[in-house]
Amino acid sequence: MTTTKELLRTWLTRQLAEPKRVWLEDQLDRLGGGAGDRDLYIALGLAPRRLGRADLALLDGDLEQARTVRSGWDPRGLSVDQAARILMLLAEGSVGRAFADRFRQLCRTADLGEQIAFYRGLPLYPDPELLEDQAAEGTRTNIKAVFEAVAHRSPYPMEQFSENRWNHMVLKALFVGSTLAPIQGLDARANPELATMLHDYAHERWAAGRPVSPELWRCVGPFAEGAMVDDLERVLNTGAEVEQKAAMLALASAPDPRAKDLLARNPAHATAAASEALTWDRLSHELGAG
């Protein structure tokens, strides 16, 4: 069966012109042959200069193949140098604590471009449970691009993060102005503690006269009772149309009996939510958050 390492290598060698391809193959062969840390660090540092920063060209079927090889893997948005850097880490061959220690050191000394590349590779690395602390460190940054390299379009947080780390990642997404839709497992890992955190965050935003992202209610709805339903009613009464749609979707999943009464007052949106003409994915596209 094809491995993620083989798939990345195929995509890169298919796209790169001969001089770049020869350089990459040479680096990969050296790293696979037991080259030391110095060779790895040099190769990682030279990757953008030697290979360029063009988008990784994915053909029809590549995304499906990626997900077959590694469930949830989404290589869209990778650049050539990012893909090469991930491949170099995989080619080096260490596993367990040795890989985890090297990964931690690389992330702590990396420049912005390197950090993004290293974190984008999280779903592919060996012994992923040993990388959780460093991955969580990536979600604590205020640099949006680094945060999204961990949080977006990756199965890693969904699979590895504790509930506490998961909750703080979702909250941080809103704090740094990121979107929730590209976070895999958002609905499956929704939980009462997260709903409470987001409810409190919404009140902080309102008290400061700031807007609240409509996506926030996605993780509140399944646990909305009492004051949370009051908040959703407020959004229905005062929010823009897209905010009202989000409130309706949240109310459609809320356990509080009052939610049905509020839905009944807005039959058009309620019918759309019930018929799946209105979904969180569709609303995310409307928000430009998908």
Point to revise | Donor-acceptor pair, side chain of Gln27 and main chain of Leu24, under 3.5 angstrom | key: no

Check your understanding: For Arg189, what residues pass the salt bridge (charged side-chain N to carboxylate O under 4.0 Å, His left out) criterion, not counting sequence neighbours?
Key -> none

Review point. Step by step, would you call Met169 with Phe147 a side chain to side chain contact (heavy atoms under 4.5 Å, CB included)?
Key: CA-CA 9 Å; Met169 181 189 74; Phe147 172 87; 3.9 Å; yes

Exercise for review: Check step by step if side chain to side chain contact (heavy atoms under 4.5 Å, CB included) holds for Glu215 and Trp280.
Suggested key: CA-CA 8 Å; Glu215 287 193 288; Trp280 285 112; 5.5 Å; no

Check your understanding: Is there a donor-acceptor pair under 3.5 Å between the side chain of Asp127 and the backbone N or O of Gly96?
Key -> yes

Practice item. State whether the side chain of Lys172 and the backbone N or O of Asn167 hold a donor-acceptor pair below 3.5 Å, judged by distance alone. Key: no

Exercise for review: Say whether, by atom type as modelled, one donor and one acceptor occur between the side chain of Gln184 and the main chain of Gly72 under 3.5 angstrom.
Suggested key: yes

Check your understanding: Looking at residues at least two apart in the chain, or sitting in another chain, which of them share a salt bridge (charged side-chain N to carboxylate O under 4.0 Å, His left out) with Arg265?
Key -> Glu233

Check your understanding: Can you check whether Ala151's main-chain N or O pairs, donor with acceptor, with Ser154's side chain at less than 3.5 Å?
Key -> no

Revision key, fill the gap. In short, salt bridge (Lys or Arg N to Asp or Glu O under 4.0 Å) pairs touching residues 70-85 with sequence neighbours left out are Arg67-Asp74, Arg70-Glu159, Asp74-Arg76, Asp81-Arg85, Arg85-Glu114

Review point. Any side-chain heavy atom of Phe175 sitting closer than 4.5 Å to one from Asn142?
Key: yes

**Study point:** Minimum heavy-atom distance Glu243-Pro214, with the two atoms named
**Key:** CG-CG, 3.8 Å

Check your understanding: Can you name the closest pair of heavy atoms from Ala83 and Leu8 and give their distance?
Key -> CB-CD2, 4.1 Å

**Study point:** Set of salt bridge (charged side-chain N to carboxylate O under 4.0 Å, His left out) partners for Asp261, sequence neighbours left out
**Key:** none

Revision key, fill the gap. Applying ring pair (Phe, Tyr, Trp, His ring centres under 6.0 Å) to Tyr125 and not counting sequence neighbours gives Phe99, Phe103

Review point. How close do Ser284 and Ala181 get, heavy atom to heavy atom, and via which atoms?
Key: OG-CB, 3.4 Å

Review point. Do Arg165 and Thr139 come within less than 4.5 Å of each other through their side chains, counting heavy atoms only?
Key: no

Check your understanding: For residues 228-263, which residue pairs qualify under ring-ring contact (aromatic ring centres under 6.0 Å, His included), counting only residues two or more places apart or in two chains?
Key -> none

What donor-acceptor contacts under 3.5 angstrom involve side-chain atoms of residues 193-200, with partners at least two apart or in another chain?
from	atom 1	to	atom 2	distance (Å)
Thr196	OG1	Pro192	O	3.2
His199	NE2	His203	NE2	3.4
His199	NE2	Asp231	OD2	3.0

Review point. Which pairs with one or both residues in residues 175-188 pass salt bridge (Lys or Arg N to Asp or Glu O under 4.0 Å), sequence neighbours excluded?
Key: Asp187-Arg218

Review point. Does the side chain of Tyr119 come under 3.5 Å of the side chain of Glu148 through a donor N or O and an acceptor N or O?
Key: no

Practice item. Return each pair, listed once, that meets ring-ring contact (aromatic ring centres under 6.0 Å, His included) where at least one residue sits in residues 31-86; pairs must be two or more places apart or across chains. Key: Trp11-Trp73

**Study point:** Gln15 (side chain) donor-acceptor with Asp55 (main chain) under 3.5 angstrom
**Key:** yes

Point to revise | Side-chain heavy-atom pair Leu124, Lys5 within 4.5 angstrom cut-off | key: no

Review point. Given side chains that start at C-beta, do those of Asp230 and Arg258 come closer than 4.5 Å, heavy atoms only?
Key: yes

**Study point:** For Arg53, salt bridge (charged side-chain N to carboxylate O under 4.0 Å, His left out) partners two or more places apart
**Key:** none

Point to revise | Pair Cys219-Leu186, side chain to side chain contact (heavy atoms under 4.5 Å, CB included): steps then yes or no | key: CA-CA 8 Å; Cys219 299; Leu186 192 62; 3.7 Å; yes

Review point. Is Glu64 atom CD crowded by more than 12 heavy atoms from other residues, nucleotides or ligands, each under 6.0 Å away?
Key: no

**Study point:** For Trp206 against Val212, the heavy-atom pair lying closest together
**Key:** NE1-CG2, 3.5 Å

**Study point:** Side-chain donor/acceptor of Tyr156 to backbone N/O of Ala135, under 3.5 Å
**Key:** no

Point to revise | Listed partners of His168 passing ring pair (Phe, Tyr, Trp, His ring centres under 6.0 Å), at least two apart | key: none

**Study point:** Closest heavy-atom pair and its distance - Leu16, Arg21
**Key:** O-NH1, 2.9 Å

Check your understanding: Can Val80 be reached from Ile86 by stepping across I, L, V, M, F, W or Y side chains whose heavy atoms are under 4.5 Å apart?
Key -> yes

Point to revise | Taking every non-hydrogen atom, the tightest pair across Ala66 and Leu7 | key: CA-CD2, 3.8 Å

**Study point:** Side-chain heavy atoms of Leu180 within contact of Ile183, under 4.5 Å
**Key:** yes

Check your understanding: Under 4.5 Å between any side-chain heavy atoms of Trp217 and Leu249, yes or no?
Key -> no

Review point. Taking side chain as C-beta onward, heavy atoms only, is Pro75 less than 4.5 Å from Leu58?
Key: yes

Review point. Roughly how far, to the nearest 0.5 Å, is the CD atom of Glu18 from the NZ atom of Lys20?
Key: 13.0 Å

**Study point:** Interatomic distance, Glu25 atom CD to Trp23 atom CH2 [nearest 0.5 angstrom]
**Key:** 11.5 Å

Check your understanding: Hey, is Arg210 close enough to Glu204 for a salt bridge, meaning N to O under 4.0 Å?
Key -> no

Check your understanding: Roughly how far apart are His285 NE2 and Arg282 CZ, rounded to 0.5 Å?
Key -> 9.5 Å

**Study point:** Gln244 side-chain N/O to Gly239 backbone N/O, donor-acceptor pair under 3.5 Å
**Key:** yes

Revision key, fill the gap. Rounding to 0.5 Å, atoms CG (Leu12) and CG (Leu51) come to a distance of 7.5 Å

Review point. Roughly how far, to the nearest 0.5 Å, is CD of Gln134 from CG of Leu106?
Key: 9.5 Å

**Study point:** Test side chain to side chain donor-acceptor pair (under 3.5 Å) applied to Gln105 - qualifying residues, sequence neighbours left out
**Key:** none

Point to revise | Side-chain donor/acceptor of Glu132 to backbone N/O of Glu129, under 3.5 Å | key: no

Point to revise | 4.5 Å side-chain heavy-atom contact, Cys107 and Glu137 | key: no

Check your understanding: Can Arg9 and Asp29 be said to form a salt bridge (Lys or Arg N to Asp or Glu O under 4.0 Å), step by step?
Key -> CA-CA 12 Å; Arg9 193 164 188 164; Asp29 290 344; 3.1 Å; yes

**Study point:** Cationic N near anionic O, under 4.0 Å, Glu286 to Lys245
**Key:** yes

**Study point:** Audit row: Leu262, Met248, side chain to side chain contact (heavy atoms under 4.5 Å, CB included) steps and yes/no
**Key:** CA-CA 8 Å; Leu262 292 172; Met248 294 299 290; over 6 Å; no

Study note, to complete from the structure: Value for OG (Ser94) from CG (Asp101), rounded to nearest 0.5 Å, stands at 9.5 Å

